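Within every chain, numbering begins at 1; the chains are lettered A, B, ... in the order of the sequence lines, protein sequences first and strands thereafter. This is a predicted model, so every value here is computed, not measured.
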Amino acid sequence: MFRFILTKLGVLIPTFLGVTLIAFSFIRMLPGDPIELLAGERGVTPERHAELMANLGFDRPIWEQYFSFLWGILHGDLGVSFMSRQPVLEEFLTRFPATVELAGCAIIFAALIGLPAGIIAAVKRGSAFDHTLMGISLTGYSMPIFWWGLLLIILFSATLGWTPVSGRLSALFWIEQDTGFMLIDAFFSDEEGAFKSAVSHLILPTIVLGTIPLAIIARQTRSAMLEVLGEDYVRTARAKGLSSFRVIGIHALRNALITVVTVIGLQVGVLLAGAILTETIFSWPGIGKWMIDSIFRRDYFAVQGGIVLIASIVMMVNLFVDFMYGLINPRILHRR
Amino acid sequence: MSLLEIRNLSVEFETAHGLFRAVDGVDLEIDQGEMVAIVGESGSGKSVSMLALMGLLPWTAKITADRMNFDGQDLLTISQKERRKIIGKDISMIFQEPMTSLNPCFTVGYQIMEVIREHLGGTKKELKKRAIELLGLVGIPSPETRLRAFPHQMSGGMNQRVMIAMMIACNPRVLIADEPTTALDVTIQAQILELLGELQKKQGMAMVLITHDMGVVAETAEVVNVQYAGQQVERQDVKGLFNAPRHPYTHALLNALPERATSKRLPSIPGVVPGLLDRPTGCLFNPRCKFATDKCRSDAPDLHSKVLCHYPLEDGMPTNNHPGVSVAEGNS
């Protein structure tokens, strides 16, 4: 087990270095620089521009800048955002709970519906339920997020008035953000109705963000189950006189889960990193929205630091998924 | 009345090319402590008929029979739930591929204890004790530690022993062994067969052994059903079958035994078992039969005769006024 984790960690180091290099260079490849954007229409004299750039350390050779970036990462220092004058790490951490909350709800929503739907479709293969589900999931998978989000807003917010349009909490409430997770903070706050408001703000973003993962999970679960249901050991389980629930829910599902856990794990990574569109549509103050804003401002430190942090989290999620494999499927742990 | 009695069992599969009859009018009768072998080439419907009995065929299979009784219970009309109380407990089945027939995600201990808990119940401690006892019974060394092993950590032979332990866990009255040794090494094959034979005697089980190995049949069975293309062509006790086979197919199978070979080349039966698209008219064996006549090619023999042949053999020669013209032909 120890060795298994160690090998996985060994692979992560070069990946991490690659990510730092990409994060560092990509933002610098974009035309314009932070000073020009700060100056805006008024412009700035070349002397003043050079002076300000030198203040931020951008006059040094590019490799030196890269190594000081790496050096900073090693010391937990990702620099200071130009815009907010706050350390990048702090900026990230204040917004991260909002993204985690949304991504978490979305993945739970997707798995709670996708897994059972996929299992039923596989067991009742070729039935009307199967065909309908596969049709819907293909639609969901191909649905452009921004359009789907707007459709839901028009129906549920504008026409029916059931859900709020944007943000995490109604402006009527003001609550202490102890954990950064609105659901938790609102639940323990004294404000009556705050929790209900927090939930209602989460519903639409959760559905929008969870749609694609839901479609993927349902389809993958179905195909994994179909494969497993034809295996000899499933027939053995039936031959033992076990109930359908045990045969499908324990003997078959345990094996199918290996594939499904991978898919869910990958989706968690995707959601944490890529809730950008959903966060923008619903003005959700999370990482995605912050990254977009930072890119527009050429906030070099915020962008490179943010990308590295997101990438690290995705890598950790993947490591966790690898670890889960071992728990679900003993063959992977025992392979030497 | 026999412990297990099957009359005129047929299994049809719905396919893209229409109905395919995989099993056609098969009978089986077995009593406590008896050992019946079902013999035939691949594709002769041996496994399918037993899977039909167990209720393990996919829903595309259509099963019909005049009678299917186990210990006074009618297996044709009982519900799935009632059937589940019987299979795995009173009737259980061992499969061909031990490496894929055990679930890779669970320890062998779990898989054995699961079936006992399902049918007989018991505390965790009792289940464990029984599982250790069973593993010992099927000849697995240090059963206490093996309990925690996963199937992939053991050999095929060991896995088959686990499978046997699992299937005899609830003291079944009928044990069906579907080519239990086909996937194993020759040395292990003998051990497993010996083990099955011992267990059968010790526990007084009725046992149905599905095989295509005539050598195995000679050593173990008392009664032999020979199946060809889904039909039962002959049924005899083992002595009679080996000394005086009555159906040309049985005769040819026995002649194909290496130890009976007289020439340098191993004898074989030309051709293969007919599939869905190349079913002959008349007797299904006629294209491969060296005694086939025009009558064989046009009329199917009566399914309910003892030997499924227009000209049953006696001393290796056809009877019933066989025209005798084609005896020399079509034989390679």
Does the ring of A:Tyr141 carry A:Arg219 above it, NZ/CZ under 6.0 angstrom from centre and within 45° of its axis? no
Members of residues 103-126 of chain A whose heavy atoms come closer than 4.5 Å to chain B: none
Answer with side chain, backbone, both or neither: which region of B:Leu51 has an atom nearer than 4.5 Å to a non-hydrogen atom of chain A? side chain
Under a 4.0 Å N-O cut-off, is there an ion pair linking B:Glu82 with B:Lys85? no
Could you pull out the closest heavy-atom pair between A:Gly269 and A:Val314, with the gap in Å? O-CG2, 3.7 Å
Listed by residue number, which members of residues 225-241 of chain A have a heavy atom under 4.5 Å from any heavy atom of chain B? A:Asp232, A:Tyr233, A:Arg235, A:Thr236, A:Arg238, A:Ala239, A:Lys240, A:Gly241
Between B:Gln160 and B:Phe95, is there a donor-acceptor pair closer than 3.5 Å when you use the side chain of the first and the backbone of the second? yes
Got a sec: does the CD of B:Gln32 have more than 12 other heavy atoms crowding it under 6.0 Å? yes
B:Leu28 side chain reached by B:Val208 side chain, heavy atoms, under 4.5 Å: yes
Is there a donor-acceptor pair under 3.5 Å between the side chain of B:Arg83 and the backbone N or O of B:Leu75? yes
Min side-chain heavy-atom separation B:Ile94-B:Ile176 under 4.5 Å: no
Counting heavy-atom pairs under 4.5 Å with chain A, the top scorer among B:Gln111, B:Glu97, B:Gln80 is B:Gln111
Whether the side chain of A:Thr99 engages the backbone of A:Ile287 through a donor-acceptor N/O pair (distance < 3.5 Å, no angle test) should be reported. yes
How close do A:Leu133 and A:Ala218 get, counting heavy atoms only, and between which atoms? CD2-CB, 4.5 Å
Less than 4.5 Å apart, side chain to side chain, heavy atoms only: is that true for B:Leu175 and B:Gln200? no
Toward chain A, the part of B:Thr100 with a non-hydrogen atom under 4.5 Å: both
